[in-house]
Amino acid sequence: PVLLVPMAPMSITVILISIAISYVETLLGVTAIFAAIFAAAIGLMISFGVTGQMLKHLHNGRRPSLGDAVLSPDMARMLPRVLGLSAIWYSAVLVLVTIEMMIRAILNSIIEDLGDAVVGAIFGALADALRMAGFMMVAIMTFEDAGIGAAFSRFREVVKNQAVTACGGLVLTNLATGAIILLLSALLGLLSDLAPGTLSVLVFLPVFGLGWMLAICLEQLFVTGLYLYSTVPDSPVVVILLQDVIGHELPTPGLPEGAVT
């Protein structure tokens, strides 16, 4: 449970932004929403850094400590890198969203609803890859005290060496995330039938926040485990996070130069 704590403020932020998007219609409001999402992206990356520090404690044979993770000198050194990574990641997201909207509009003008199916599948996969890149780069920066450029180079190396495991893990985490979303949607429908609208929303929002934290945490843990499996396969974090995924039949990867030990 302590690994979820850094994401708790982010779940509240996500809920508030989700509510605001439903009511925003003016250009000024849309601009404010984009600014809020950028701030949320920074907060999310920082929370990943804190969780990564706690996983680093576990890797070193210690009990994870939230206080030590937040006050760690390593975390202080990471903050400028996290800000830079958040800006790059957010810019890439904006470019993808803009391209997606343009293609969706063109396809829908030809055949109605065609764009929703085709573009959704393509850009959904791109979004998964972009999210995985951001998550893993934070993990690399945490464990190797690396800058953005070095972290990106290591990310490409890990994905190249463990492409099948990476794709399989993304599928599994997406299925788990989809199951959580489906469960939350069913819960909202049930609450709407059993309770007045305001009460059902008040009950649903905390549950939605918890579900979002679980889904994001699941993906971050897998990505961190995948990175460590490619660099330090004997890490206790690998055994805890990936044992059921990687099994025992895969070859032990070599230890890249400069990897955490």
Side-chain angles (χ1 to χ4, degrees), residues 1-15 38-90 131-152 154-155 158 169 173 176-177 206 209-243 245 255-256 258-261:
V2 71
L3 296 178
L4 289 173
V5 174
M7 295 186 193
M10 297 312 307
S11 68
I12 298 173
T13 304
V14 168
I15 291 174
F38 178 57
I42 294 176
L44 190 60
M45 293 294 185
I46 293 175
S47 73
F48 290 164
V50 175
T51 304
Q53 292 294 331
M54 289 191 284
L55 290 173
K56 192 174 178 180
H57 295 166
L58 186 60
H59 169 78
N60 292 328
R62 296 176 49 196
R63 183 180 181 85
S65 169
L66 179 61
D68 290 347
V70 173
L71 300 176
S72 168
D74 293 340
M75 190 64 212
R77 287 196 300 270
M78 276 189 61
L79 287 179
R81 303 168 187 171
V82 168
L83 292 175
L85 177 61
S86 300
I88 295 171
W89 185 80
Y90 185 73
R131 192 170 61 249
M132 176 182 181
F135 289 3
M136 187 174 291
M137 286 179 65
V138 172
I140 293 170
M141 289 190 293
T142 299
F143 280 84
E144 299 189 21
D145 196 20
I148 296 177
F152 181 68
R154 179 57 61 85
F155 163 75
V158 171
T173 51
T177 302
L210 178 60
W212 180 86
M213 283 194 298
L214 290 173
I216 293 295
C217 187
L218 173 67
E219 190 161 348
Q220 185 201 7
L221 293 178
F222 173 80
V223 169
T224 303
L226 177 62
Y227 156 67
L228 287 174
Y229 173 71
S230 299
T231 53
V232 192
D234 294 331
S235 170
V237 179
V238 174
V239 178
I240 293 172
L241 298 182
L242 293 185
Q243 186 176 33
V245 178
L255 186 63
V260 64
T261 56

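Owing to the predicted nature of the structure, the values given are computational and were not obtained by experimental measurement. All residue numbers refer to positions in the sequence shown, counting from 1. Values reported hereafter were calculated over all heavy atoms of this structure, with side chains retained and with hydrogens, waters and symmetry mates removed.
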Visitor: Does the side chain of Leu55 come within less than 4.5 Å of Phe143's, by heavy atoms?
Guide: yes
Visitor: List the atom of Met54, the atom of Pro6, and the distance in Å for their closest heavy-atom pair.
Guide: CE-CG, 3.7 Å
Visitor: For Arg81, is there an ion pair with Asp145 - N to carboxylate O distance below 4.0 angstrom?
Guide: yes
Visitor: So, using side chain to side chain contact (heavy atoms under 4.5 Å, CB included) as the criterion, who are the partners of Tyr90 when residues are at least two apart?
Guide: Phe34, Ile37, Phe38, Leu94
Visitor: Can you name the nearest heavy-atom pair linking Ala76 to Pro80, along with the distance?
Guide: O-CD, 3.6 Å
Visitor: Who are the side chain to side chain contact (heavy atoms under 4.5 Å, CB included) partners of Leu79, not counting sequence neighbours?
Guide: Ile46, Met75
Visitor: Do Arg62 and Asp68 touch side chain to side chain, with heavy atoms closer than 4.5 Å?
Guide: yes
Visitor: To the nearest 0.5 Å, what is the distance between CG (Leu85) and CD1 (Ile42)?
Guide: 10.5 Å
Visitor: Sequence neighbours excluded, which residues qualify as side chain to side chain contact (heavy atoms under 4.5 Å, CB included) partners of Ala40?
Guide: Met10, Thr13, Ile17
Visitor: Give, for atom CG of Leu221 and atom CZ of Phe48, the distance between the pair rounded to the nearest 0.5 Å.
Guide: 10.0 Å
Visitor: Using side chain to side chain contact (heavy atoms under 4.5 Å, CB included) as the criterion, list what pairs up with Asp74, not counting sequence neighbours.
Guide: Gln53, Lys56, Ser72, Arg77
Visitor: Donor-acceptor pair, His57 side chain versus Ser65 backbone, under 3.5 Å?
Guide: yes
Visitor: Which value, rounded to the nearest 0.5 Å, describes the distance between Leu58 atom CG and Ser235 atom OG?
Guide: 7.0 Å
Visitor: What pairs with Thr51 under side chain to side chain donor-acceptor pair (under 3.5 Å), at least two apart in sequence or on another chain?
Guide: none
Visitor: Once rounded to the nearest 0.5 Å, what's the spacing between atom OH of Tyr227 and atom CE of Met137?
Guide: 12.5 Å
Visitor: I'd like to check Val138 versus Met78 (side-chain heavy atoms, cut-off strictly below 4.5 Å). Are they in contact?
Guide: yes
Visitor: Which atoms form the tightest heavy-atom contact between Cys217 and Met7, and what is the distance?
Guide: CA-CE, 3.8 Å
Visitor: Report the distance from atom CD1 of Ile148 to atom CD1 of Ile140, rounding to the nearest 0.5 Å.
Guide: 12.5 Å
Visitor: Apply side chain to side chain contact (heavy atoms under 4.5 Å, CB included) to residues Arg154 and Met136 and explain how you reach the verdict.
Guide: CA-CA 9 Å; Arg154 179 57 61 85; Met136 187 174 291; over 6 Å; no
